[in-house]
Protein chains: 4
Amino acid sequence: MECHGSISHPENASKLKIRVLYADTDRMGVVYHSNYFRWFEAGRANYMRLRGTKYSSIEQNGVFLPIVEAHADYLKPAVYDDVLDVFAWISDIGRVQLKFSYLVSRDGKELVRGYTRHAAVNGEGKPVRLPAGIPEALAGPESASSDADGQTL
Amino acid sequence: MECHGSISHPENASKLKIRVLYADTDRMGVVYHSNYFRWFEAGRANYMRLRGTKYSSIEQNGVFLPIVEAHADYLKPAVYDDVLDVFAWISDIGRVQLKFSYLVSRDGKELVRGYTRHAAVNGEGKPVRLPAGIPEALAGPESASSDADGQTL
Amino acid sequence: MECHGSISHPENASKLKIRVLYADTDRMGVVYHSNYFRWFEAGRANYMRLRGTKYSSIEQNGVFLPIVEAHADYLKPAVYDDVLDVFAWISDIGRVQLKFSYLVSRDGKELVRGYTRHAAVNGEGKPVRLPAGIPEALAGPESASSDADGQTL
Amino acid sequence: MECHGSISHPENASKLKIRVLYADTDRMGVVYHSNYFRWFEAGRANYMRLRGTKYSSIEQNGVFLPIVEAHADYLKPAVYDDVLDVFAWISDIGRVQLKFSYLVSRDGKELVRGYTRHAAVNGEGKPVRLPAGIPEALAGPESASSDADGQTL
């Protein structure tokens with residue numbers, strides 16, 4: 001886990017590199033704000049995958065983690081063809097909910113910060129507990145090797 | 001159904017007006033090409049709704065219409081805040097498949113033409129016949145009143 | 001301006017109706033969370049247009065309003081083909097920044113609440129004052145007629 | 001350049017791995033059709049980058065390559081969390097236009113085929129010749145090393 005002097009994120013944050021597409025930009029020449037939430041999703045999935053708890057596996061156990069709150073602070077714009085670092089980490093976790101926080105940076109400069117809160121629900125949308133072992137795995141260190149040939153979004 | 005002198009579409013095409021959002025544009029200052037397929041979907045759903053055959057109703061009968069082919073020809077660009085006309089019509093229909101064609105215009109000038117081909121399948125993805133009555137309804141004239149307070153996308 | 005008993009928004013909120021597309025949904029069968037920010041944009045543009053201050057006109061004066069903060073609280077999911085009301089209003093405005101708040105509802109039931117903060121900047125991204133008259137117009141009542149044939153997104 | 005027995009693409013096709021996000025799926029549980037055009041863009045940019053002719057560099061020379069035609073054939077669906085191979089190659093190139101073709105596959109099985117045609121234009125949208133050396137570079141083999149730490153989209 002890298003840690004640039006000028007940006008701050010927890011030691012156990014996961015890092016995913018993404019590249020800005022033309023599709024992500026708008027007529028102001030910068031990334032349209034809502035696209036960062038897409039990258040937050042990619043960072044979150046990467047964080048879980050690196051801990052052996054793929055989101056798709058959780059769903060296969062009948063537990064879904066819909067977003068109940070989403071937030072982003074935009075500090076600097078990203079532009080076409082930028083290669084960005086998407087850091088993700090768990091900033092709060094209980095038995096029936098969890099919160100992910102994110103930092104998107106470029107060359108060690110912070111661009112966007114954000115978070116998403118998720119509730120654990122079953123297929124009917126009723127609140128349920130996170131599956132046994134999941135909170136522990138998610139709060140722990142990376143255990144799986146980076147999925148090197150399965151890039152991202 | 002309007003028919004501008006300079007654009008051509010069948011008499012029974014449906015028309016839907018949409019407005020270009022910032023989200024639809026890219027750094028070249030024009031609408032990113034793939035977004036027209038989203039508007040094609042809106043035009044297609046509008047065409048069906050105006051004939052009393054909502055797509056959601058077809059799905060409730062266990063029949064899905066996934067896209068097997070999509071095409072677009074881009075003649076002129078659309079820009080932010082443009083109000084566009086999306087014309088849609090059935091250009092081919094059989095028992096297990098159908099084809100929609102589209103024309104997107106602005107002030108009577110053609111911007112984009114395209115089409116999508118759809119196969120009728122069941123929930124397991126197996127080919128099935130279109131539900132009884134659907135081909136006839138889709139090939140016919142508008143029968144339902146325009147859903148005036150249910151704009152679009 | 002309608003005001004349903006069960007939802008709350010200021011008297012001068014603008015209302016825009018949108019329809020959920022297939023493109024907006026995800027495999028959980030509901031609207032993917034980031035798409036609401038697209039509708040927030042549509043609601044915001046509609047609010048401004050109804051006060052005679054189109055966002056595109058502001059940009060033509062060399063002033064841009066990039067988003068510096070975005071937030072959404074998801075109370076209930078929206079699904080395919082839903083017709084939603086997007087209410088938008090100014091919840092804070094100063095000389096160099098403003099905040100829009102949003103409520104998305106269906107049949108008078110609140111689904112999503114959110115806000116976006118915007119900074120006024122020039123073409124080089126430097127902070128500037130909002131053009132003369134804009135704060136007053138935006139804080140005031142609707143003055144332009146609804147752009148009836150220019151639906152939305 | 002890999003070449004799976006069951007899929008066919010030219011020797012000099014470039015390959016990019018992408019992972020399907022929740023954001024890419026729709027309520028049918030598969031990737032929404034227009035999202036493949038986004039991946040086509042990523043594949044196309046990757047192809048160019050690997051030949052030392054980044055698209056952003058071409059734009060810096062005042063030449064743009066807007067899409068004038070886009071097409072896709074959908075053979076099999078992709079689902080959430082799939083890791084896909086996006087192959088891209090030049091299938092036609094002249095002095096003022098070019099055509100890219102694409103193949104998206106999973107585990108060596110073809111899912112989607114498509115192409116995009118591009119016109120070379122200047123900042124005012126007038127047809128211009130492709131910059132000197134570009135056609136030759138694009139028609140040639142990979143010359144730049146894969147941008148290993150600049151994943152994709």
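Note that the structure is a prediction, hence the values are computed from the model and not measured. So that the names make sense, note that chain A is the first sequence line, chain B the second, and so on, each numbered from 1.
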Practice item. For residues A/R19 and D/N46, determine if any side-chain heavy atom of one lies less than 4.5 Å from a side-chain heavy atom of the other. Key: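 With C-beta onward as the side chain, the pair stays apart.
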
Exercise for review: Let me know which of A/R44, A/E59, A/R38 forms a side-chain hydrogen bond (donor to acceptor under 3.5 Å, both in side chains) with D/Y22.
Suggested key: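 For D/Y22, the side-chain hydrogen bond (donor to acceptor under 3.5 Å, both in side chains) test succeeds with only one of A/R44, A/E59, A/R38, which is A/E59.
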
Exercise for review: Could you look at A/Y80 and say if it's the side chain, the backbone, both or neither that has a heavy atom under 4.5 Å from chain D?
Suggested key: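 It is the side chain, since no backbone atom gets that close.
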
Review point. Is the backbone N or O of D/L21 less than 3.5 Å from a side-chain atom of A/E41, with the two atoms forming a donor-acceptor pair by type?
Key: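 Judged by distance alone, no pair lies under 3.5 Å.
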
